[in-house]
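So the structure is just underneath, and the comments pick up after that.
Numbered from 1 within each chain, the chains take letters A, B, ... in sequence-line order.
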Amino acid sequence: LDMFPYPSGAGLHVGHPLGYIASDIVARYKRLKGFEVLHPMGYDSFGLPAEQYAIQTGQHPAITTEQNIARYRQQLDRLGFSFDWEREVRTSDPAYYRWTQWIFLQLYGSWYNVATQKAEDIQTLLHHLQAQGTQNLQAVQSEALTISSSEWNAMSEAEQHKTLLNYRLAYLSEAVVNWCPALGTVLANEEVKDGVSERGGHPVERKKMLQWSMRINAYADRLLEGLDRIEWSESIKEAQRNWIGRSRGSTLRFALLHSSGEPDGRFIEVFTTRPDTVFGVSFITLAPEHEWALELATPDRRQEVEQYVQYATNRSERERQADVKKVTGVFTGAFVRHPFSGEPIPIWLGEYVLAGYGTGAVMGVPGHDGRDHAFARTFGLPIVEVISGGNVEEEAWEAKTGTLVNSDFLDGLSVEEAIAAAIEAIEGEGMGKGTTQYRLRDATFSRQRYWGEPIPVYFKEGVPMPMPTEHLPLQLPSVDKYLPTESGEPPLARAEGWAYRPANDHQAFPIEFSTMPGWAGSSWYFLRYMDPHNTNAFASSESLAYWNQVDLYIGGNEHATGHLLYSRFWTKFLFDRGWLSFDEPFKKLINQGMIQGTSAFVYRVQGSHTFVSKGHKEKFMTTALHVDVNLVSNNVLDIERFKAWREEFRNAEFLLEEDKYICGSEVEKMSKSKWNVVNPDDVVAQYGADCLRLYEMFLGPLELSKPWNTNGITGVSGFIRKVWRLFHHQGSWAVNDEAPVRAELKVLHKTIKKIEEDMERFSFNTSVSTFMICVNELTDLGCRKRSILEPLALILAPYAPHLAEELWERLGHAGGIASASFPAWSEEHLTEDSFAYPVSVNGKTRFKAELSLSLSAAEVEAAVLAHPDMPRFLEGKQVKKVVVVPGKIANVVAV
RNA sequence: GCCCGGGUGGUGGAACAGGUAGACACGCAGGACUUAAAAUCCUGUGACCCUAAAGGUCGUACGGGUUCGAUUCCCGUCUCGGGUACCA
């Protein structure tokens with residue numbers, strides 16, 4: 001399986017097919033090995049660019065998308081992929097998104113039972129609430145509610161529905177979201193980078209809005225645990241682990257003190273991973289957004305606190321991130337009581353505390369936390385050492401090594417012991433309990449966009465209600481414009497009659513205006529390939545059981561914490577609810593590296609029309625300009641074409657070196673704006689599709705990022721010619737039926753074995769070398785025998801299908817290569833005649849021992865010692881021992 | 001800062017289980033064929049020393065260690081790339 005592409009208007013560049021080529025090779029190889037292979041392709045066809053184009057031109061996104069898909073298909077076909085196009089899926093196809101909507105409704109209709117550790121039908125929750133209220137209820141929820149069964153049963157239907165949103169896996173809530181005014185939509189955390197939108201780089205603000213969300217947090221532990229069961233690269237697994245960010249610690253309540261110095265009955269709760277440092281607490285810091293931030297302020301501090309809260313909330317996320325080093329804060333004037341020492345502790349507000357994590361409050365331990373240390377230093381708060389090992393006046397001692405000091409009952413313990421002892425004491429006093437916190441946030445699911453799946457929910461008395469599944473697909477309505485309405489509603493608010501009318505009801509209920517995010521359709525598309533035309537289910541249980549998990553998934557690592565996390569989440573959910581028999585979607589994942597572009601530069605002398613060759617550029621004040629790489633070959637600029645390239649260069653003058661204009665070059669991301677895009681169509685036109693396939697594999701390991709250059713393509717092209725010449729002589733077919741000799745069989749079988757080994761390790765680049773060696777050796781042997789060349793054509797077929805197919809047909813086989821099977825190698829043809837001979841003397845004697853595998857180590861040792869050259873190498877010394885590695889080297893150690 | 005992954009000739013990269021480092025390809029140099037070009041083929045190509053032929057020394061970022069033997073394993077350092085961050 002390849003990660004399906006978003007069909008952008010720019011078409012494919014040479015980087016896109018890299019992964020497709022690799023997966024196509026595996027698919028063709030496995031088919032030849034007799035496996036039934038599902039190798040599909042489709043399009044992630046909802047998305048922003050088509051919509052933005054629609055906004056500019058009024059063209060319906062479906063039309064642009066259709067055109068782009070046609071272009072993609074043409075380009076893909078040119079490369080000779082063996083995709084099963086019968087199974088193509090498009091996320092924007094109503095027949096497809098009908099099931100995206102259906103899965104959404106299942107999520108809406110489910111809750112997460114902590115007791116059974118799985119998602120269950122909302123009905124089981126209803127029964128629980130009716131019978132016992134929230135008593136004994138262990139559910140993943142937005143907030144802890146306490147409702148008795150009688151209270152529940154007395155609620156109106158609308159109230160019950162509202163309450164259930166607290167538990168549903170797809171739920172509507174008032175949430176602080178990443179709002180991007182320029183794009184007019186909410187973005188997921190994954191879609192925001194450095195405070196700006198990933199797409200377009202527009203500023204993003206924090207804003208409270210009524211939003212649909214997915215309770216992915218319910219699956220945090222299982223998403224972590226599942227990583228141990230799948231073959232993914234360590235870096236992606238780490239990225240997901242960090243993203244989920246599980247940290248174990250404890251909550252701790254600090255009694256709030258009344259101005260009189262007595263407890264006022266309220267508590268400030270903090271979360272800490274270091275309860276062992278509790279005696280080092282010298283202040284408490286709340287996030288400026290903390291609900292008590294203002295009311296805690298004592299009258300004399302009030303004005304200052306208000307100013308600070310004002311300042312902090314007005315700062316955008318971006319500004320905050322830009323200067324995280326800057327320490328800001330304000331004292332509220334209020335105090336809490338230390339839970340063990342009883343000392344009063346001042347309460348501060350500080351920007352470094354995030355409202356959205358933990359409880360939005362931290363205990364300040366400046367001796368052992370860097371951020372607390374910086375805060376204490378800035379505001380002159382006391383720094384207490386409670387773990388020996390460092391100089392806490394200078395720097396916080398954050399290491400988890402050392403002995404507890406100044407800590408009452410914890411004194412003398414190690415950090416590890418102290419953490420356990422502190423949690424025990426905290427829980428014993430009822431002041432908190434051991435807890436696990438996650439960095440992972442529930443995923444926002446609403447997008448204020450047009451070109452996405454409509455959310456199949458209507459509103460009855462302001463309460464969201466699921467549409468009956470018979471009404472799916474809920475099709476995208478047509479709108480006059482693809483922009484938000486004047487009142488700021490999403491584009492769907494423009495659709496006329498956007499309402500749900502139940503069959504035996506005269507009422508019309510408004511339908512949700514927002515659409516689903518891009519990751520909705522891509523979270524389950526791999527399942528649809530298994531049964532793409534099913535109209536009764538997203539896929540039949542038979543086909544799901546037959547194909548099972550994706551064995552091999554190839555795609556870029558940019559989806560590490562987006563698509564790859566969400567698909568795992570949805571798969572686990574569908575597994576819980578019994579629609580799937582597996583709970584991890586992708587057994588093995590390979591991340592192909594990016595193919596970068598090699599940009600070319602010309603150097604213009606500032607304020608002139610003169611361009612100086614690279615060797616002269618230091619002598620002038622120059623500006624480097626990107627120049628289209630197609631105007632440059634071997635760093636030499638085609639001056640005439642350059643002048644014709646753009647009007648502004650028509651009268652350009654040049655300062656050359658050795659009569660040539662040499663361009664500078666730099667490796668950058670391949671992109672239109674950098675003029676370094678290489679179109680695969682051009683490469684195919686010049687060298688053929690097989691050559692492009694082989695060359696992309698030959699460039700280096702699949703996982704590696706590497707710049708595109710065609711320096712080595714002549715080697716691959718020459719290889720293909722050589723294959724051709726093995727089968728042809730002076731233009732005519734030259735394969736004969738002579739019996740093969742030993743040397744020829746050895747070349748063939750060695751090659752088959754090596755190709756199989758490479759394939760098992762997905763080492764495509766070394767395979768190409770293996771083919772080259774094989775063809776060189778057969779050429780040297782002058783071998784044109786059918787018995788050797790026919791298997792050669794077969795093993796070459798996954799890599800160079802066009803060439804192989806043509807040769808196969810010429811060899812007289814009807815029905816195509818697909819019906820053939822991969823040849824097997826045999827040990828018999830690989831054994832050596834000689835088995836041991838000396839290689840060099842270097843204090844020790846080394847023997848090359850290319851041995852038959854049937855010989856035992858003892859037999860080898862005896863043979864090595866009996867070797868006629870042995871006395872010469874020993875030079876009178878005594879043999880101490882013989883180290884034998886079968887198939888490798890025999891070392892004779894002599895003294 | 002933290003996490004992950006790298007560092008091998010002029011270049012891309014091989015070396016799969018600790019066993020001849022540099023496969024294969026590009027580039028470069030020389031040569032063959034050709035009126036010429038293209039194409040094709042042959043030879044050489046890690047550095048250094050030394051040869052008539054041979055032969056030798058060093059060499060996988062750097063410094064140590066384990067081992068008969070280390071590109072590979074361990075410890076430390078440097079460095080490049082990617083991810084991520086006031087997550088308490």
Side-chain angles (χ1 to χ4, degrees), chain A residues 193-194 233-243 245-247 249 252 270-274 277 285 287 320-321 323-328 350-354 356-365 368-372 374-375 398 437-441 557-558 560-561 591 593-594 634 695 698-701 703-707 709-719 721-722 725 754 757-758 760-761 763 765-774 776 779 838-840 842-850 880-895:
Chain A
K193 292 258 149 73
D194 302 325
S233 72
E234 208 40 53
S235 63
I236 293 261
K237 287 189 187 183
E238 270 307 302
Q240 293 211 345
R241 286 190 192 109
N242 291 338
W243 191 260
R246 175 162 66 187
S247 53
L252 180 54
V270 303
F271 171 74
T272 179
T273 55
R274 296 295 301 276
T277 63
T285 315
R320 275 204 198 187
Q321 284 183 5
D323 49 15
V324 290
K325 293 279 178 290
K326 192 169 138 195
V327 178
T328 67
E351 252 189 312
Y352 78 98
V353 179
L354 304 177
Y357 183 77
T359 60
V362 303
M363 59 181 211
V365 186
H368 305 281
D369 181 283
R371 296 153 302 178
D372 294 343
F375 196 79
E398 295 184 324
Q437 281 287 336
Y438 300 91
R439 207 190 75 109
L440 184 71
R441 293 282 95 89
N557 57 8
E558 67 272 21
T561 53
N591 298 113
M594 194 169 46
N634 287 329
Y695 185 59
F698 183 68
L699 268 175
E703 291 93 335
L704 224 72
S705 283
K706 53 234 158 190
N709 70 73
T710 47
N711 289 347
I713 203 165
T714 53
V716 174
S717 182
F719 160 74
R721 275 186 243 265
K722 272 187 182 174
R725 284 200 305 271
K754 184 88 175 35
E757 284 167 357
D758 288 344
E760 295 309 318
R761 292 182 300 130
S763 180
N765 55 328
T766 52
S767 285
V768 181
S769 296
T770 304
F771 285 128
M772 288 178 174
I773 295 168
C774 173
N776 284 344
T779 304
V839 172
S840 71
N842 196 3
K844 303 134 224 165
T845 305
R846 292 170 141 188
F847 278 79
K848 168 97 171 181
E850 211 176 298
K880 196 176 166 196
K881 65 172 168 177
V882 180
V883 184
V884 178
V885 183
K888 304 277 182 169
I889 290 297
N891 260 298
V892 178
V893 183
V895 248

Under 4.0 angstrom between A/R371 side-chain N/O and B/rC87 OP1 or OP2 = yes

Classified by glycosidic angle (syn within 90° of 0, else anti), B/rG46 comes out anti

Minimal non-hydrogen separation, A/E234 against A/R241, with atom names | OE2-NH1, 3.3 Å

Tell me whether the OP1 or OP2 atom of B/rA88 has a side-chain N or O from A/S247 closer than 4.0 Å.
-> yes

Judged by whether its glycosidic angle lies within 90° of 0, B/rA21 is anti

With nearest nucleotides of RNA chain B determined for A/E757 and A/G700 from heavy-atom distances, which residue corresponds to the more 5′ nucleotide?
-> A/G700

Give none if B/rC2 has no partner; otherwise give the nucleotide forming a Watson-Crick or G-U wobble pair with it, both distances under 3.5 Å.
-> B/rG83

Mind telling me whether A/F271 and A/Y357 have parallel, tilted or perpendicular rings, with 30° and 60° as the class edges?
-> perpendicular

Could you run down the sub-3.5 Å N/O contacts of the protein with nucleotides 3-6 of chain B?
residue : atom : partner : partner atom : Å
B/rC3   : O2'  : A/E238  : OE1          : 3.1

May I ask you to evaluate whether A/N765 reaches the phosphate of B/rA14, defined as a side-chain N or O under 4.0 Å from OP1 or OP2?
-> yes

Which base, if any, makes a Watson-Crick or G-U wobble pair with B/rC28, both distances under 3.5 Å?
-> B/rG44

Main-chain N/O of A/A560 paired with A/Q240 side-chain donor or acceptor, under 3.5 Å = yes

Below 3.5 Å is the cut-off: list the nitrogen or oxygen pairs between protein and nucleotides 38-43 of chain B, distance only.
residue : atom : partner : partner atom : Å
B/rU40  : O3'  : A/R725  : NH2          : 3.2
B/rC41  : OP1  : A/R725  : NH2          : 3.2

Grab the CD-P distance between A/E398 and B/rA88 for me, whole Å please.
-> 11 Å

